[in-house]
Amino acid sequence: MEERYDFRKVEERWQRSWQEQKTFKVREDSSKPKYYCLEMFPYPSGRIHMGHVRNYAIGDVVSRYKRMRGFNVLHPMGWDSFGLPAENAAIKHGIPPAKWTIENIAYMRDKQLMRLGLSYDWDREVTTCLPEYYRWNQWFFIKMYERGLAYKKLSYVNWCPSCNTVLANEQVEQGLCWRCSSVVTHKELEQWFFKITAYAEELLSYCDKLTGWPERVLTMQRNWIGKSTGVEADFTVQGSGERLTIFTTRPDTLYGVTFMSIAPEHPMVESLIEGTPHAEEVRTFCQRVMREDKAERTDEKRKKEGMFTGAYAINPLNNDKVPIWVGNFVLMEYGTGAIMSVPAHDQRDFEFARNYGLPIRVVIQNAEKNLDPATMKEAYIGEGTMVNSGPFDGTPNGTGKEKVADYVERRNMGRRTVNWRLRDWGISRQRYWGTPIPIIYCEACGVVPVPEKDLPVRLPEDVELTGKGRSPLSESRSFRETTCPLCGGKAYRETDTMDTFVDSSWYFLRYCSPRESAAPFDKKAAGYWMNIDQYIGGIEHAVLHLLYARFFTKVIRDLGLFDGDEPFQNLLTQGMVIKDGAKMSKSKGNVVDPDFILTKYGADTARLFSLFAAPPERDLEWSDQGVDGAYRFLHRVWAVVYKNIERVRDVRPAGIEARGDRLYRKTHLTIKKVTEDIEREFHFNTAISALMEMVNELYDYTSGGVEERQLPVLRSAIDMLTLLMGPFAPHFAEELNASLGNKVSIAHASWPTHDPEAIIASEVTIVIQVNGKVRSKVTMPVGSPDREIETAALADPKVREYTHGKPPKKVIVVQGKLVNIVV
Ligand SMILES: [Zn+2]
Ligand SMILES: [Zn+2]
């Protein structure tokens with residue numbers, strides 16, 4: 001052991017050793033319990049950021065801890081490596097996306113992740129942009145196509161008329177093209193979809209079984225799936241007689257409809273406005289709204305805007321004629337794309353009605369409120385009695401819901417229905433850097449899936465990326481032109497590629513047998529490793545990625561490849577890394593580059609800081625002092641071990657016979673605390689602060705020199721401290737572990753357990769009162785006889801002051817607590 005802690009030497013040595021010894025390589029072993037720990041894999045942008053460091057440090061502590069607890073731990077890493085940035089880099093700098101991506105991966109793996117000392121089994125690395133991986137995306141697509149779970153339909157895309165190209169949502173910046181700043185329009189294209197809605201009910205009901213997930217994430221998933229039960233009612237358009245169907249969860253308010261609102265995307269907009277004087281104005285309005293972000297459009301705080309189409313609808317219940325408006329807050333994706341507006345009982349409708357001077361009609365009256373449309377300040381959404389509702393007047397609205405629904409069904413005005421917010425998953429991307437969709441179009445045979453034996457459909461390399469024109473693959477004749485697998489005739493390939501969320505929907509299964517070539521994964525291996533015991537990633541993936549992965553898992557189950565319903569047993573969504581009050585981002589200029597921290601302080605300090613500064617689920621505020629503090633702590637541990645190592649090297653550690661010793665007790669208290677904090681929701685911050693306290697005790701204990709008889713206790717304290725630090729600062733702990741003469745890597749050492757006997761307090765503090773007033777305290781061994789306590793109390797100098805040395809009238813001893821001396 002060297003005198004000074006030189007993190008460069010230490011970290012390099014152990015990283016090399018782990019690699020050479022394949023310390024973290026795992027295989028199935030039925031004799032051991034398994035543990036599958038997974039962090040969401042990164043996009044290889046070229047550099048990791050502090051958020052990654054935090055994410056992987058958390059996962060690494062969990063993995064290392066579980067390994068020391070005797071689990072067979074699967075802890076893999078890979079690359080979510082298809083996607084837009086590679087394509088953009090190609091457009092800007094002319095680098096082929098494959099080259100750019102593979103170089104980024106090499107840098108991030110070898111120069112960044114390797115340097116963090118993460119305990120991955122690198123032999124299981126999965127890279128989604130390689131044909132050996134994406135061929136299985138294509139295979140899944142075909143299986144889903146055969147089962148009707150992959151289908152094609154017309155759908156809107158963002159379209160830049162001047163680049164003449166489809167834009168991804170992230171390429172639309174405030175309604176403008178990211179390249180040329182033209183106004184983005186919408187265009188209908190044939191798109192491929194996965195029928196996730198076929199699993200809506202199961203995806204929703206299983207939310208109740210995911211007890212290891214944060215409630216917040218489950219709520220987001222439930223809302224996203226959005227099941228609501230209600231009634232579809234058929235209004236008719238006056239004049240044309242066209243049917244305009246609306247969905248409502250409040251059939252009890254059907255008599256209160258004073259206008260209709262339809263989405264700007266609604267297919268009937270054109271027929272409603274055609275030939276009217278303000279047709280053009282409405283068209284312009286619709287185009288403008290359609291360019292806006294949908295989440296923003298429905299934001300509660302957003303101003304509700306609309307235009308009258310000039311057409312009217314007839315309410316089937318009371319034959320009322322109500323105007324049909326186009327509203328910016330109505331989305332085609334929800335319900336039927338048309339809603340009935342009941343301003344008296346819906347706040348959004350209320351604001352809209354007030355804004356445009358539309359009538360308000362109360363149909364749920366509350367005796368205490370005495371609602372009057374003329375004076376109402378807001379919509380009334382509470383309980384009440386139905387009024388202005390024809391045959392239902394006087395009915396409490398709770399039961400009225402069912403009665404109106406019955407009435408609507410009986411008279412064929414509509415039907416009860418369940419509505420889902422969840423839409424099918426559009427997977428077509430008019431991009432190059434993704435998985436080609438394995439479909440061939442033949443004039444004679446129609447849509448023909450690529451036969452399994454012809455997979456993978458490889459991405460061609462002769463594609464020039466300009467960012468303009470049609471989908472890049474459609475420009476490659478060698479790719480596009482093919483022969484029909486059925487009739488041998490001339491045919492064309494699908495030139496769209498898949499959404500990259502497909503790649504991340506099953507990669508966790510691939511890790512179980514990453515080199516499998518006859519199937520996406522080996523069923524037996526997946527049977528051993530799945531489910532993922534702990535999944536860790538950012539809250540930004542709470543909905544899409546996690547929902548798609550759950551969907552894929554269920555489809556894979558139904559294909560007979562996997563016996564399980566859900567992939568992720570426990571989920572931890574870690575907080576963000578923030579600096580100066582904001583998330584680290586280039587645009588804010590508050591980014592701390594992990595490379596800088598690794599070079600200046602080393603990986604163990606970076607890990608320790610990011611684990612110590614906040615519990616994992618909370619945001620972590622970056623602090624330079626915090627980093628310094630972590631660095632100093634490691635130096636402090638090093639120094640105290642170095643000072644004593646020669647004397648303790650050949651000493652047998654103390655056992656329970658040392659139970660009276662304060663360092664021995666502190667050691668066992670620390671083992672208990674650290675273990676409990678890790679087990680209790682991974683509260684690494686308090687675990688680390690317990691280690692710091694133990695180190696303080698170690699300094700105290702050794703400050704005045706250590707006697708020979710104290711060496712066994714000192715040795716056991718240093719041993720335990722080393723083991724407890726293993727998951728947090730692994731290089732550092734390996735170095736101490738080796739210096740103590742241990743030959744086996746600390747990664748495979750056993751996690752210590754505390755001895756309950758060692759932490760029972762050996763002394764007790766007893767309060768001394770004189771005439772009922774607290775005057776002093778005395779420390780006694782636990783279980784001392786009353787006589788000894790009395791003697792000690794009377795001998796106390798403060799007590800003597802108050803008793804003036806006279807013999808007491810009476811002494812009362814309350815065992816283990818206090819002594820009262822009456823004089
Ligand atoms: Zn453009
Ligand atoms: Zn054919």
Side-chain angles (χ1 to χ4, degrees), residues 83-94 97 138-139 141-143 145-146 148 150-152 155-192 284 286-294 296 426 428-434 436-458 463-497 499:
L84 212 48
E87 210 162 323
N88 291 345
I91 295 166
K92 270 187 194 146
H93 310 297
Q138 296 172 337
W139 188 84
F141 180 95
I142 290 165
K143 294 289 165 200
Y145 178 77
E146 288 166 358
Y151 69 95
K152 211 175 181 191
S155 170
Y156 279 101
V157 292
N158 303 308
W159 180 259
C160 173
S162 85
C163 295
N164 197 28
T165 192
V166 173
L167 299 175
N169 285 337
E170 55 272 31
Q171 292 174 314
V172 181
E173 292 164 356
Q174 288 159 342
L176 306 178
C177 170
W178 69 297
R179 288 192 81 232
C180 69
S181 296
S182 304
V183 172
V184 174
T185 60
H186 286 81
K187 189 174 167 160
E188 264 193 319
L189 277 186
E190 287 252 305
Q191 307 265 294
W192 285 97
T284 311
C286 290
Q287 276 294 332
R288 170 166 73 74
V289 175
M290 281 158 68
R291 281 197 295 275
E292 291 171 13
D293 184 69
K294 284 178 184 150
E296 243 168 67
S428 289
R429 297 291 180 271
Q430 292 70 40
R431 315 248 61 96
Y432 166 72
W433 194 233
I437 293 174
I439 287 289
I440 289 168
Y441 300 102
C442 167
E443 252 174 54
C445 313
V447 178
V448 183
V450 173
E452 277 179 39
K453 66 173 174 53
D454 294 341
L455 296 181
V457 177
R458 283 171 183 272
V463 174
E464 203 197 332
L465 298 168
T466 58
K468 291 191 176 187
R470 292 182 300 166
S471 157
L473 288 182
S474 61
E475 306 287 341
S476 166
R477 277 186 61 188
S478 64
F479 177 83
R480 191 165 167 265
E481 294 177 4
T482 186
T483 49
C484 170
L486 294 182
C487 71
K490 202 172 168 198
Y492 297 97
R493 286 189 192 282
E494 169 65 65
T495 56
D496 284 354
T497 54
D499 179 5

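Every number for a ligand or one of its atoms is a count from 1 in the order of the listing. Nothing fancy with the numbering, it's 1 onward along the sequence.
In this structure, the side-chain contact (heavy atoms from CB on, under 4.5 Å) partners of Pro85, at least two apart in sequence or on a different chain, are Tyr43, Trp100. In this structure Glu481 satisfies the side chain to side chain donor-acceptor pair (under 3.5 Å) test together with Arg477, sequence neighbours excluded.
Relative to the six-membered ring of Phe479, Arg493 meets both conditions, a distance below 6.0 Å and an angle of at most 45° to the axis.
Around the Zn ion (ligand 2), protein N, O or S atoms at less than 2.8 Å number 4. Of all protein atoms, those of element N, O or S that lie under 2.8 Å from the Zn ion (ligand 1) number 4.
For CZ of Arg288, the number of neighbouring non-hydrogen atoms (other residues, nucleotides, ligands) closer than 6.0 Å is greater than 12. Atom CD of Glu173 has more than 12 heavy atoms from other residues, nucleotides or ligands within 6.0 Å. In this structure, Glu190 places its CD atom where more than 12 heavy-atom neighbours from other residues, nucleotides or ligands lie under 6.0 Å away.
Here the CG atom belonging to Asp496 is positioned 7.5 Å from the CG atom belonging to Leu189, to the nearest 0.5 angstrom.
Ile439 is not listed as a side-chain neighbour of Val450, based on a closest heavy-atom distance of 4.5 Å or more. The shortest side-chain heavy-atom distance between Pro449 and Glu146 does not fall under the 4.5 Å cut-off.
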